[in-house]
**Student:** 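Please find one structure pasted underneath; my questions will follow.
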Amino acid sequence: MTFELPDLGYEYDALEPFIDTRTMKIHHTKHHQAYVDKLNNAVKGTEWENKDIKELITNLNKVPEEIRKAVRNHGGGHFNHSMFWKLLKKQVRFEGKIADAIVKKWGSLENFKKEFADAANSRFGSRWAWLVLNKEDELEITSTANQDCPLSEGKQPVIALDVWEHSYYLKYEWRRTEYVDAFFNIINWEKANENYNEALKNK
Ligand code: MN3
């Protein structure tokens, strides 16, 4: 099999109490694994089975039409979750080039959080919230439906938040806004900074 479930790089309980152990375990071993399996199934026997996942999602329009929907959903699911896990870590200081750029654009971290939370909470249905570097090379807060990825729209993702119910419902139930607020305590700003530098390099 071409695509594989990546290790989290930390224990399932590492993000307690912000994200609970059981949710992390199910989310990683069941949901993410299912995206990987279905993606492998979709690209099997095509030239796309040996591609890098980022290349695949960036070039979704070049994927044959008969497998494009499956690649969009399951490949997007694989890429988005792989990125999301690495962006979660407790007690990382808000600093670096990304912190400077956020304060420059939004005035303060608090203003940024407010707009990001609005993006995460306002779209209907299953979704992701994002901080991206857009085509004008500016930071932008946005959201996507389902497992759609900003890469497919020519935008470079910097921060990702999964806002599907499976990512919070065991602990937060209907209180989605509390989950979104909790996320701000576990953003791995070092990784966000790395993603930002990578995005600037790719522009
Ligand atoms: Mn998910």
Side-chain angles (χ1 to χ4, degrees), residues 1-43 52-54 56-58 60 68-90 116-132 141-153 155-188 191-192 195:
M1 282 302 177
T2 318
F3 297 102
E4 286 178 8
L5 185 70
D7 285 338
L8 287 184
Y10 47 83
E11 300 297 323
Y12 290 117
D13 65 359
L15 304 168
E16 291 272 9
F18 304 107
I19 303 181
D20 61 288
T21 307
R22 190 156 165 255
T23 295
M24 286 302 293
K25 192 169 184 180
I26 293 172
H27 201 171
H28 182 242
T29 63
K30 303 297 179 193
H31 292 276
H32 190 170
Q33 183 70 60
Y35 295 121
V36 170
D37 293 345
K38 287 173 183 171
L39 173 63
N40 281 328
N41 211 26
V43 297
D52 176 70
I53 184 63
K54 189 174 177 183
L56 189 54
I57 298 307
T58 304
L60 211 49
R68 194 179 302 149
K69 192 176 174 203
V71 170
R72 178 178 174 177
N73 290 338
H74 306 300
H78 178 39
F79 177 86
N80 295 350
H81 286 85
S82 299
M83 183 174 201
F84 181 51
W85 307 134
K86 291 192 174 71
L87 278 161
L88 301 175
K89 194 176 181 183
K90 285 201 285 195
F116 193 93
D118 283 347
N121 288 315
S122 60
R123 183 187 276 270
F124 183 79
S126 297
R127 71 200 93 138
W128 286 74
W130 303 90
L131 175 68
V132 300
I141 290 169
T142 186
S143 67
T144 56
N146 305 314
Q147 294 295 349
D148 288 350
C149 180
L151 278 177
S152 308
E153 303 165 16
K155 298 172 179 177
Q156 303 287 324
V158 176
I159 292 176
L161 173 61
D162 189 343
V163 204
W164 281 50
E165 282 188 351
H166 67 226
S167 60
Y168 64 86
Y169 212 85
L170 289 177
K171 178 181 171 77
Y172 294 96
E173 299 175 325
W174 67 93
R175 301 181 304 277
R176 184 189 57 237
T177 57
E178 288 180 28
Y179 161 72
V180 173
D181 287 345
F183 171 67
F184 296 125
N185 293 291
I186 47 172
I187 296 178
N188 182 351
K191 186 63 194 174
N195 291 345

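First listed ligand is number 1; within each ligand, the first listed atom is number 1. Numbering starts at 1 and runs along the sequence shown.
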**Student:** For side chain to side chain contact (heavy atoms under 4.5 Å, CB included), just list the numbers for I19 and L88, CA-CA rounded to whole Å, side-chain angles, deciding distance to a tenth of an Å, and then say yes or no.
**Tutor:** CA-CA 10 Å; I19 303 181; L88 301 175; 4.2 Å; yes
**Student:** With 2.8 Å as the threshold, which protein atoms of type N, O or S lie near the Mn ion (ligand 1)? Leave waters out.
**Tutor:**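 Under 2.8 Å from the Mn ion (ligand 1) - ignoring waters, which are not counted - the protein N, O or S atoms are H27 NE2, H81 NE2, D162 OD2, H166 NE2.
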**Student:** Please tell me if the side chains of Y35 and L5 come closer than 4.5 Å, counting only heavy atoms from C-beta onward.
**Tutor:**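 SC-SC contact between Y35 and L5 ruled out.
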**Student:** Do K89 and Y10 come close enough that some side-chain heavy atom pair is under 4.5 Å?
**Tutor:**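 No. Closest side-chain heavy atoms not under 4.5 Å.
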**Student:** Please tell me if the side chains of L151 and F79 come closer than 4.5 Å, counting only heavy atoms from C-beta onward.
**Tutor:** yes
**Student:** Between W128 and F84, is the ring centre distance below 6.0 Å?
**Tutor:**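 Yes, close enough.
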**Student:** CZ of R175: more than 12 outside heavy atoms within 6.0 angstrom?
**Tutor:**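 Atom CZ in R175 is packed in, count exceeds 12.
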